[in-house]
Each structure stands twice: as C-alpha cells, then as structure tokens.
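Just so you know, these numbers come straight off a predicted model, no measurement behind them.
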Amino acid sequence: MHVLILGGTTEARRLAENLAAGRREDLRVTSSLAGRVGAPRLPPGEVRIGGFGGAEGLARWLGEQAVDAVVDATHPFAETISSNAASAAATTGVPLLALRRPGWVPGPGDVWHEAGSLEEAAGLLPSLGRRVFLTTGRLGLASFAVLEDLWFLARSVDAPQAPAPARIEVLLDRGPFTLQGERELLRRHAIDVLVTKDSGGEATAPKLTAAREAGLPVVVIRRPPVPTGIPVVPDPEAAAAWLDHRIRWGASPDID
C-alpha cells in the first residue's frame, strides 16, 4: 500500500513517524512538502519537495505512483492544496482523509475579535491598538501595508515578502514558544493588540495566554473549511487508525 501524506506540519511528521514505527513491509509512505520553509524538519520515509502542478498534476502523480490513499495533513490555512487534493481524489477515486488539529477556543478573560480574512483583520486594527504583534506568517503582509500609523512586530519562520507595512520589525523564529517568552515579548515591545490565524495546536498557543493575562485584544482569523465530503480526524493517531483499517479491510471506516 502506498500512502501520500501532504505535510509540512507537526501532525504530518508525527503521522509519518507513527507509520514508520509500525515497520510494515507492505506499506510505502511518501511525505510531500511544499518547499516554502527553509531547512524543514524532514519526516521518515520518502520525501518529495515542491508542487504537483495543480489538481491535474496531483491526479497524474497519484496514478503514476500507484497511490492507494492520501492524507491531507497540511496547515489549516493551506486552502489551495486542500482543494487540489479533493479534486484529484475525486478524479482518481483515491481515498482522501483530512488531518486537522482542533482550532482554538476562547476562554474566560479572552478578548477576541474574529475576522474572515487578512483584509478584514487589518480593518479592525485601528480601533483596537497601535502596536501590533502580527503572527500570520510571512505571506500576506500586503494586507496591512495601508496602515501607515500603526507599528508592527511580525514573527515568521522565514523572511516575509514585500510589500509590507512601513513601520515594521521582523522577528525570525520557529515554535514551540514558551509562555514566559511570550510575556516578555509583549512587554518588551509594548504590544497592545495581537493578530493570529486560528492555526490551533500547542506550539504557538502561549501567545494567546500571554495576551489574556495582559488584557490585550486578539484578532483571530477564522480557518477555511475542509472541502465538502472529505472525512476529518483531529490527530495523527486517528489518521493512522483510518489507514490501518484500509490496509486490513480495503475500505475506509465510518467517521462522523
């Protein structure tokens, strides 16, 4: 059985590790990385880096490589590849599973403002603060470039792409982050509003706790929905169980 993991996330790497630990001789695992992050942590098994050439290219690759199942374990905001995967699966008949870490949920004391896009988030900022901690990744800074009166601290793994806000300081760093570190960062830069995508997971969640403790407003960008009709599981263990069921019985288990 040949499994393609569309990866680039911690969950994708954990799934590849889980499958490698099973040491099944009849299981071939290929992890695909987009190649947008420098020096990625590579999972065990076969690894390919780069795009497929859209939905048609992915469908062609699935056929050429005799792929039996696909797990879309990409970032919750990787909307294009998820859409392409759904289209390719429908074209080829290859079973597709989406692995999505649960989103964040506001708790007592949180002051959250939801936005449906980067542009909507930018429109909220002038009424919320003047010094912005921007944690939406290196892409999309152009959405905030019009806010000339605001100051931004932008954190990302790799250097962000222009255009960007005129008043900006870039912090290159990779999670996981600690609560104490996030507290100190907010204090040192006098941050008064946080902007984040609803990525979920624990690696970058401490910033939300630090913002809650400081009483800061948080603009949370909602994640796009998983393509219609694709089953979803919340963790690598559930994905591995889905694959094991297919290996044993040749069919997908029922997933609510």
Side-chain angles (χ1 to χ4, degrees), residues 8-9 11 34 36-37 72 74-83 98 100-171 173 175 177 179 182-183 185-186 189-228 232 234:
T9 60
E11 289 77 16
R36 294 179 177 175
V37 176
D72 174 12
T74 56
H75 191 277
F77 283 82
E79 193 170 5
T80 298
I81 183 59
S82 293
S83 176
R100 292 289 185 274
R101 68 185 77 138
W104 290 318
V105 178
D110 282 320
V111 184
W112 286 16
H113 302 263
E114 288 195 353
S117 65
L118 293 173
E119 292 75 19
E120 186 178 342
L124 294 173
L125 286 178
S127 65
L128 297 177
R130 313 301 294 176
R131 295 180 65 84
V132 184
F133 183 23
L134 190 60
T135 63
T136 56
R138 68 186 183 92
L139 303 176
L141 291 189
S143 300
F144 302 91
V146 297
L147 302 175
E148 298 179 352
D149 295 334
L150 275 57
W151 181 89
F152 291 84
L153 174 66
R155 182 169 67 189
S156 61
V157 176
D158 293 313
Q161 296 181 348
R167 303 175 62 200
I168 187 171
E169 178 177 334
V170 175
L171 174 62
D173 203 356
F177 302 105
L179 177 56
E182 300 293 62
R183 288 168 175 159
L185 186 147
L186 296 182
H189 294 280
I191 298 297
D192 56 13
V193 59
L194 166 67
V195 181
T196 184
K197 293 179 176 179
D198 180 17
S199 301
E202 299 179 356
T204 60
K207 64 189 173 188
L208 299 173
T209 303
R212 180 193 312 129
E213 292 177 349
L216 303 184
V218 180
V219 178
V220 180
I221 301 170
R222 295 187 297 271
R223 60 174 63 177
V226 173
T228 302
V232 183

Which pairs of donor and acceptor atoms, one on a side chain in residues 76-83, lie under 3.5 Å apart (sequence neighbours left out)?
{"residue": "S82", "atom": "OG", "partner": "D72", "partner atom": "OD2", "Å": "2.7"}
{"residue": "S82", "atom": "OG", "partner": "A78", "partner atom": "O", "Å": "3.2"}
{"residue": "S82", "atom": "OG", "partner": "R100", "partner atom": "NH2", "Å": "2.7"}

Donor-acceptor pairs under 3.5 angstrom involving side-chain atoms of residues 115-126: please list them, not counting sequence neighbours.
{"residue": "S117", "atom": "OG", "partner": "E120", "partner atom": "N", "Å": "3.1"}
{"residue": "E119", "atom": "OE2", "partner": "S143", "partner atom": "OG", "Å": "2.9"}
{"residue": "E120", "atom": "OE1", "partner": "G116", "partner atom": "N", "Å": "2.9"}

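P206 is linked by a side-chain contact (heavy atoms from CB on, under 4.5 Å) to L179, E182, counting only residues two or more places apart in sequence or in another chain. Listed by chain and residue number, nothing satisfies the salt bridge (charged side-chain N to carboxylate O under 4.0 Å, His left out) test with E202 (two or more places apart in sequence, or in another chain). Partners of R167 according to the salt bridge (charged side-chain N to carboxylate O under 4.0 Å, His left out) rule, which considers only residues two or more places apart in sequence or in another chain, do not exist here. Residues passing the side-chain contact (heavy atoms from CB on, under 4.5 Å) test with E148, sequence neighbours excluded: none. Every residue two or more places apart in sequence or in another chain was checked for a side-chain contact (heavy atoms from CB on, under 4.5 Å) with V146, and none qualifies.
Counting only residues at least two apart or in different chains, side chain to side chain donor-acceptor pair (under 3.5 Å) contacts with residues 203-217 comprise D110-R212, T135-K207, R183-E213, T196-K207.
When all heavy atoms of A211 and L186 are compared, the pair lying nearest together is N-CD1, 3.8 Å. Summarising the geometry of V193 relative to G129, their closest heavy-atom pair is CG1-CA, 4.1 Å, with the distance given to 0.1 Å. Closest non-hydrogen pair, A164 versus L141, comes out as CB-CD1, 3.9 Å.
In this structure, F133 CZ and L185 CG are separated by 4.5 Å, a value rounded to the nearest 0.5 Å. For the atom pair CD1 of I191 and CG of L134, the computed distance is 10.0 Å after rounding to the nearest 0.5 Å. To the nearest 0.5 Å, atom CG of residue L208 and atom CG of residue L194 are 6.5 Å apart. Note that the CZ atom of R101 and the NE2 atom of H75 stand 5.5 Å from one another [nearest 0.5 Å].
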Worked check of side-chain contact (heavy atoms from CB on, under 4.5 Å) between L147 and F152: CA-CA 10 Å; L147 302 175; F152 291 84; 3.9 Å; yes
From CA spacing to verdict: side-chain contact (heavy atoms from CB on, under 4.5 Å), K197, R223: CA-CA 7 Å; K197 293 179 176 179; R223 60 174 63 177; over 6 Å; no
From CA spacing to verdict: side-chain contact (heavy atoms from CB on, under 4.5 Å), D192, R130: CA-CA 7 Å; D192 56 13; R130 313 301 294 176; 4.0 Å; yes
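Considering only heavy atoms from C-beta on, P160 comes within 4.5 Å of V170 through its side chain. Side chains of Q161 and L139 form a contact here, defined as non-hydrogen atoms less than 4.5 Å apart.
Proximity of a side-chain donor or acceptor of R155 to a complementary backbone N or O of D173 within less than 3.5 Å is not detected. A distance-only check finds a donor-acceptor pair linking the side chain of D198 to the backbone of W104 [under 3.5 Å].
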